[in-house]
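Before any comments, here is the structure.
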Amino acid sequence: MASKKVQLNPEQKRAVDTIEGPLLIIAGAGSGKTGVVTSRIANMLNHGIPQASILALTFTNKAAREMEERVKEITGSKCSNLTVSTFHAFGVQILRRKSHYLGYRPNFSIYDQNDQLTCLKEASRELKLTYEFQELKDLAFFFSDIKTGRREWDNTNDQHKSLYQEFLEHMKLYNAVDFDDLITLPIELFENFPDILDEYQERYRYIMVDEFQDTSLLQYHFIHLIARRYGNICCVGDDDQSIYSWRGANYNNIRQFEADYPHLQEIKLERNYRSTGTILEAANAVIANNTNRKEKALWTEDSDHDRTIKIVNPDDERMEADFIIDRIHELRATDNITFGDVGILVRTNSLCKNMEDALLANNIPYTVSGGQSFFQRKEIKDIIAYLRVITNPDDDVNLLRIVNTPRRGLGKKALQVIVDTSQHLSCSLYNAIHSLVQGQNSALRPNTLNDLQEFLELIESYRELFEEGQTDLAQKLRDLYDSIDYWGHLVQEFAATANEKAAKYRFDNLLLFSDFLERWERNPDNLEPTLVKWLNRITLTTKDEGESDQGKVNLMTIHASKGLEFDHVFLAGVEDGIIPHARSVAESKDMVEEERRLFYVAITRARKKLFITHCQTRRTMNDTVECVPSPFLEEIPKELLEHIEEGNYNLSEEETADRAMASMPWNK
DNA sequence: TGCCGAGGCCTTTTT
DNA sequence: GGCCTCGGCA
């Protein structure tokens, strides 16, 4: 087999060579983890283990894709039978085949947070309960905790039990599942149908879990069910990079893993190949302040201490953005870097906005990952809702979204009649509309009935269209845009603002969306391009996965940066209350430790240069607040830091005045 | 009965 | 800056 050799140090080699039995790899930041994991898979294949027996689970789609690419690269072979997937996508794959055991049809919809919330709202309306938006959100979190076993019913919360039941019934009626279900339902299958479990245990004899510190106990349980027969399970993680505890990740599952597999071998990868000595020293000093961690000491052969971490304290977020942009230009001039070598990291999505505006204004090409994804845009969600209803007419949440978008003259009253009918007949809204249209003495006006009839015909015709020969999905999608006259809808929508451009921009997004579908269905690796599969896939994709975005500055949240690295990193908004986030500080000491890990992750993304900025003042929602530097900065040894006077560099008074004018609300 | 504009509210991190 | 709600108007 033509294989590309990867240089390995002794620990890495041991990790790659240990194929049989349970294995825990503690892989520090920048320790060549991805190389080890992919080499290990390649090594398995070299030992004659069939691709089909290997299951590699990662945390994000990005990581999954990267892993697959790397394995292809090393082995030089196609990996069509290798399963590399996220936990959630793997759950979907199981459910698509086996959901009928649990009473779901295979065309089920997957609800994201928003859809789920809408469903919960519907359920509460049905029970004549009214909640504030925030309360509803809290309830959604609580129900998630209940579903995933993180919390139990007790006498402080069982007043919500009936709503929970109602919510579950709705989801089932809509033939819809949520993200939690993608883990809990496969577990339910495995525990109730031994044959199914047996099938998966026999199929996946070699299992690998990446980013183990970010998996939940439930996800661990899920995978343990499959792995326990043969015990060939390798978990790779770093407790110092555990940053998802708020969504159920719990590095105690490392302890659980050790308990379940007493013969476990453990390998620590502590040599860092990524960052300069300075950056590594700073990172080590910061993380040493955490109490609850596995002892490890990252080291590097790089001992260059001339270079320092630069700290800047601009007046406000505009100056901050300007500083970063000036530095990028400077680095390009002096160090001959490309835009793609730069990462700008922030704690919250809202901080992306400023940076984005500034990058845009300065014509610097950039990509944002995380934040509002392409698929969350209103116009895209509308179209996705159409597609969902076309594939799964019982999906009430999405039906409600589109039944009057674009306008069909349906108002509150008409909708109420539909909802009432569905309750009477205990059927979905779609079926309720159906019987209303067919019925004679309806409470609805003939015009309205006509409109509904047309709506049903539209959905039906597209259902047939999409089902007959699963080809040319993209063209059918474009036809759909025309059939519902979404362009007319957009024009009308933006008529008030007299903004033809805005409408155009939205419609261009739809064209991008259909192009994306086209590329997907034409991909030769894609053996089964159906609409349902595509919908499932994009629900599990947060970032819009454009082609290679080399040559663009990478702007993202720290969470989204995990697993990535950049030559030059700008860490913006390093202020008290942002990192550590005020809400985390308020919550508990453990949460502060998690914020510190987050800071640690951010620092260790940098290979060569790290710039940290914190503003003196920052505009939030409506007012300007004074800012205090993050306490984490004091944990970095002084000699590693260099404070840069930024001042009003290069700006004349005139320019400063212009900027002040431009920032006034009436000029926005 | 449906539509549209004004005002109030909110922003941690993601599959 | 964007989304939801509510109230007045056609």
Side-chain angles (χ1 to χ4, degrees), chain A residues 57-64 85-92 110-114 116-118 121 130 132-134 136-137 144 148 177-183 211 214-216 218-219 242-249 345-354 356-357 369-373 375-378 381 404 407-417 443-445 447-448 451 492-493 495-497 536-543 556-562 573 577-587 591 594-595 597-599 601-602 619-622 665 668:
Chain A
L57 292 173
T58 64
F59 192 63
T60 61
N61 297 296
K62 209 175 200 167
S85 162
T86 64
F87 272 94
H88 290 87
F90 184 55
V92 173
I110 302 171
Y111 279 8
D112 64 14
Q113 239 103 355
N114 288 323
Q116 194 195 31
L117 218 51
T118 314
K121 209 192 257 173
T130 45
E132 301 266 315
F133 183 66
Q134 192 53 49
L136 219 50
K137 263 180 142 171
S144 168
T148 56
V177 300
D178 60 23
F179 285 138
D180 292 329
D181 290 327
L182 296 180
I183 310 298
E211 305 287 9
D214 287 328
T215 55
S216 65
L218 202 69
Q219 286 169 326
S242 165
I243 54 175
Y244 283 93
S245 74
W246 47 273
R247 91 172 210 206
L345 309 186
V346 291
R347 172 65 179 85
T348 64
N349 280 310
S350 53
L351 293 178
C352 279
K353 196 117 216 121
N354 301 319
E356 235 188 303
D357 291 347
S369 24
Q372 204 202 16
S373 107
F375 301 113
Q376 302 281 334
R377 289 166 196 272
K378 193 173 170 303
K381 285 216 78 167
N404 202 29
R407 298 254 123 79
R408 287 189 182 85
L410 295 171
K412 235 196 256 158
K413 189 65 196 291
L415 282 177
Q416 195 54 51
V417 172
L444 295 172
R445 290 182 308 191
N447 272 350
T448 312
D451 293 336
Q492 196 195 348
E493 192 100 302
T497 48
N536 286 345
R537 189 198 140 93
I538 60 178
T539 313
L540 297 176
T541 308
T542 42
K543 286 137 212 156
M556 64 187 77
T557 63
I558 301 173
H559 280 90
S561 77
K562 197 168 57 118
I578 294 179
I579 182 165
H581 198 274
R583 286 175 86 135
S584 295
V585 177
E587 219 161 294
M591 292 305 285
E594 174 143 326
E595 294 283 323
R597 290 193 291 272
L598 204 46
F599 189 58
V601 167
R619 272 165 49 117
T620 53
M621 279 166 276
N622 22 17
K668 287 241 152 182

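Just so it is clear, the structure is predicted and the values come from calculations on it, not from any experiment. Just so we're on the same page: letters track the sequence lines, and every chain starts at 1. Excluded from the calculations below are hydrogen atoms, water molecules and symmetry mates; all remaining heavy atoms, backbone and side chain alike, are included.
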A/Asp214 CG to B/dT12 C1', straight-line distance once rounded to whole Å: 15 Å
Checking A/Asp451 now: which residues fulfil side chain to side chain contact (heavy atoms under 4.5 Å, CB included) with it, not counting sequence neighbours? none
Roughly how many Å is it from CG in A/Asp180 to P in B/dT15, rounded to a whole number? 14 Å
I want to verify a distance call: between B/dT14, B/dT15, B/dT12, whose nearest atom is closest to the A/His581 side chain? B/dT12
Whole angstroms only, please: what is the CD-C1' distance between A/Gln113 and B/dT15? 9 Å
Phosphate oxygens OP1/OP2 of B/dT12: is one of them under 4.0 Å from a side-chain N or O of A/Ser350? no
How would you label the contact of A/Tyr244 with the nucleic acid (heavy atoms, under 4.0 Å): base, sugar-phosphate, or nothing? sugar-phosphate
Reckon A/Ala89 touches a base, only the sugar-phosphate, or nothing at all at heavy-atom distances under 4.0 Å? nothing
What nucleotide among B/dC3, B/dT12, B/dT14 has an atom nearest to a side-chain atom of A/Arg407? B/dC3
Report which part of the nucleic acid A/Thr86 touches: base, sugar-phosphate, or nothing (heavy-atom distance under 4.0 Å, all strands). sugar-phosphate
A/Lys413: which residues meet the side chain to side chain contact (heavy atoms under 4.5 Å, CB included) condition with it, sequence neighbours left out? none
Test of understanding: with side chain to side chain contact (heavy atoms under 4.5 Å, CB included), list the residues that count as partners of A/Val346, not counting sequence neighbours. A/Leu351, A/Cys352, A/Ala572
Residue list, side-chain hydrogen bond (donor to acceptor under 3.5 Å, both in side chains) with A/Lys121, at least two apart or on another chain: none
Looking for any heavy atom pair under 4.0 Å, which part of the strands does A/Lys137 touch: base, sugar-phosphate only, or nothing? sugar-phosphate
Which part of the nucleic acid does A/Ile243 contact within heavy-atom distance under 4.0 Å: base, sugar-phosphate only, or nothing? nothing
A/Met556 CE to B/dT13 P, in whole Å, measures 15 Å
Compare the ring of A/His88 with the six-membered ring in the base of B/dT15 and state whether they stack (centres under 5.5 Å, planes under 30°). no
Ignoring backbone atoms, establish whether A/Asn349 has a side-chain N or O less than 4.0 Å from OP1 or OP2 of B/dT14. yes
Geometric cation-pi criterion, A/Lys562 with A/Tyr244: 6.0 Å, 45°: no
Quick one: side chain to side chain contact (heavy atoms under 4.5 Å, CB included) partners of A/Thr118, sequence neighbours excluded? A/Val397
Would you mind telling me which of B/dT14, B/dT12, B/dC3 lies closest to the side-chain atoms of A/Asn404? B/dC3
Considering only nitrogen or oxygen atoms on both sides, find all protein atoms under 3.5 Å from nucleotides 4-7 of chain C and state each distance.
none

Of the listed nucleotides B/dT15, B/dC3, B/dT13, the one nearest the side chain of A/His559: B/dT13
Should A/Thr557 and A/Leu345 count as side-chain neighbours, where that means a heavy-atom distance under 4.5 Å? no
